[in-house]
Amino acid sequence: MSPAVLRLVLLVSCCHGLVHIYEHSFASVEQLVGQEFGVGKETTGLIGSCLRLPFGLFALAAGWMADRWGARRLLLVYVIGCSFSALLASLSPTLGGMFLAMFLLGTFAGIYHPAGVGWIAQHTGADSRPLALGYHGMFGSAGIAAGPFLAALVLNGGLSWRGYYFVLGAVGAALA
């Protein structure tokens with residue numbers, strides 16, 4: 001794998017780690033959101049579903065769009081859209097705003113896998129693709145572990161769940 005392709009694989013792999021942080025973001029602060037808005041697990045569970053359902057269901061449409069408009073363009077839409085959605089969550093004054101922010105976050109996050117894996121498949125050769133996908137998988141797993149850890153760092157650092165979403169939005173903007 002050439003150094004240029006390796007750099008791009010690592011960048012796309014960072015996007016993979018971030019998508020799993022976004023995916024698990026609400027579960028990491030769900031109780032705090034419920035407390036602030038004065039709702040129970042039934043309502044916060046629905047908010048979590050507003051993130052998770054489009055994350056999974058939007059993948060087919062995202063694959064179709066990646067085929068037509070290119071994985072690179074869609075990866076940029078994913079990271080900017082997730083960053084915007086996280087910032088929207090951090091500023092949400094109402095429960096309805098949280099539902100909207102989580103739906104948008106799930107929708108934009110649903111773009112990642114078809115575009116990211118497709119990009120790696122298109123830009124690596126048969127001899128380097130397994131290694132590239134290994135990096136990709138490793139970063140994704142690290143993102144799954146990092147989401148709750150990052151929430152703990154932010155919350156223990158004195159910020160609220162809103163601060164956590166602000167940090168996630170800033171990280172996405174920086175990656176974009």
Side-chain angles (χ1 to χ4, degrees), residues 1-29 51-91 101-154 157 159 163-176:
M1 181 176 339
S2 74
V5 171
L6 177 61
R7 280 191 304 274
L8 288 170
V9 165
L10 292 176
L11 178 63
V12 171
S13 295
C14 286
C15 289
H16 187 212
L18 187 57
V19 81
H20 287 297
I21 292 173
Y22 285 135
E23 176 193 8
H24 295 282
S25 65
F26 187 72
S28 298
V29 296
L51 186 155
R52 294 284 178 96
L53 284 172
F55 179 71
L57 296 176
F58 194 62
L60 185 60
W64 181 85
M65 289 188 294
D67 287 344
R68 274 133 194 92
W69 300 314
R72 180 180 176 193
R73 188 173 291 149
L74 248 42
L75 286 171
L76 195 55
V77 169
Y78 141 69
V79 76
I80 291 171
C82 283
S83 180
F84 168 79
S85 301
L87 292 173
L88 183 63
S90 77
L91 299 171
M102 291 302 102
F103 179 80
L104 291 173
L105 184 61
T107 300
F108 285 114
I111 294 171
Y112 175 74
H113 283 100
V117 175
W119 189 94
I120 288 174
Q122 289 174 346
H123 290 86
T124 56
D127 59 329
S128 62
R129 192 169 301 124
L131 178 61
L133 292 173
Y135 283 123
H136 181 261
M138 181 181 68
F139 277 67
S141 296
I144 291 169
F149 181 72
L150 179 59
L153 287 176
V154 168
L159 295 176
Y164 176 57
Y165 274 108
F166 183 83
V167 168
L168 292 181
V171 169
L175 189 57

In terms of heavy-atom contacts, Gly169 and Ala86 come closest through N-CB, 3.7 Å
Is it true that a side-chain atom of Arg52 and a backbone atom of Glu23 form a donor plus acceptor pair closer than 3.5 Å?
yes
Should the ring pair His20 and His16 be called parallel, tilted or perpendicular, given that the plane angle runs from 0 to 90° and is split at 30 and 60?
perpendicular
Can you measure from CG (Leu159) to OG (Ser90) and round to the nearest 0.5 angstrom?
11.0 Å
If you take all heavy atoms of Leu75 and Trp119, which pair is closest and at what distance?
CD1-CB, 4.4 Å
Taken to the nearest 0.5 Å, the spacing of Leu175 CG from Leu76 CG works out to 9.5 Å
When you look at CZ of Arg72, are more than 12 heavy atoms from neighbouring residues, nucleotides or ligands closer to it than 6.0 Å?
no
Going from CG on Leu51 to CG on Leu105, what distance comes out if it is rounded to the nearest 0.5 angstrom?
4.5 Å
Nearest heavy-atom pair of Ser25 and Leu168: which atoms, and what distance?
CB-CD1, 3.6 Å
Mind checking the CZ-CG spacing from Phe103 to Leu53? Nearest 0.5 Å is all I need.
9.0 Å
Under a 4.5 Å cut-off applied to non-hydrogen side-chain atoms, are Leu131 and Met1 in contact?
yes
Does any N or O in the side chain of Ser128 come within less than 3.5 Å of the main-chain N or O of Thr124, such that one atom is a donor and the other an acceptor?
no
Between His136 and Tyr112, what is the ring plane arrangement, given parallel below 30°, perpendicular above 60°, and tilted in between?
parallel
Validation row: Val167, Val171 side chains within 4.5 angstrom (heavy atoms)
yes
Heavy-atom closest contact (Ser28 atom, Ala151 atom, distance):
CB-CB, 3.6 Å
Check whether Tyr78 reaches the backbone of Gly116 with its side chain - one donor and one acceptor, N or O, closer than 3.5 Å.
no
Separation between OH of Tyr165 and OG of Ser85, rounded to the nearest 0.5 Å:
10.5 Å
Test side-chain contact (heavy atoms from CB on, under 4.5 Å) applied to Val154 and Phe166, step by step:
CA-CA 10 Å; Val154 168; Phe166 183 83; over 6 Å; no
What heavy-atom pair brings Gly110 and Ala62 nearest, and what distance separates the two atoms?
O-CB, 3.7 Å
Do Phe58 and His113 have side chains that approach each other closer than 4.5 Å (heavy atoms only, starting at C-beta)?
no
Taking Tyr164 for the side chain and Leu150 for the main chain, is one N or O donor matched with an acceptor at less than 3.5 Å?
no
Could you tell me whether the side chain of Ser83 and the main chain of Ile80 form a donor-acceptor pair under 3.5 Å?
no
More than 12 foreign heavy atoms under 6.0 Å from CG of Leu10: is that the case here?
yes
To the nearest 0.5 Å, tell me how far Cys15 SG sits from Tyr22 OH.
9.5 Å
If you compare all heavy atoms of Ile120 against all heavy atoms of Ala132, which two are closest, and at what distance to 0.1 Å?
CG2-CB, 3.8 Å
What verdict does the side-chain contact (heavy atoms from CB on, under 4.5 Å) test give for Tyr135 and Leu6, after you've listed the backbone C-alpha separation in whole Å, the side-chain angles of each residue and the deciding distance to 0.1 Å?
CA-CA 10 Å; Tyr135 283 123; Leu6 177 61; 3.8 Å; yes
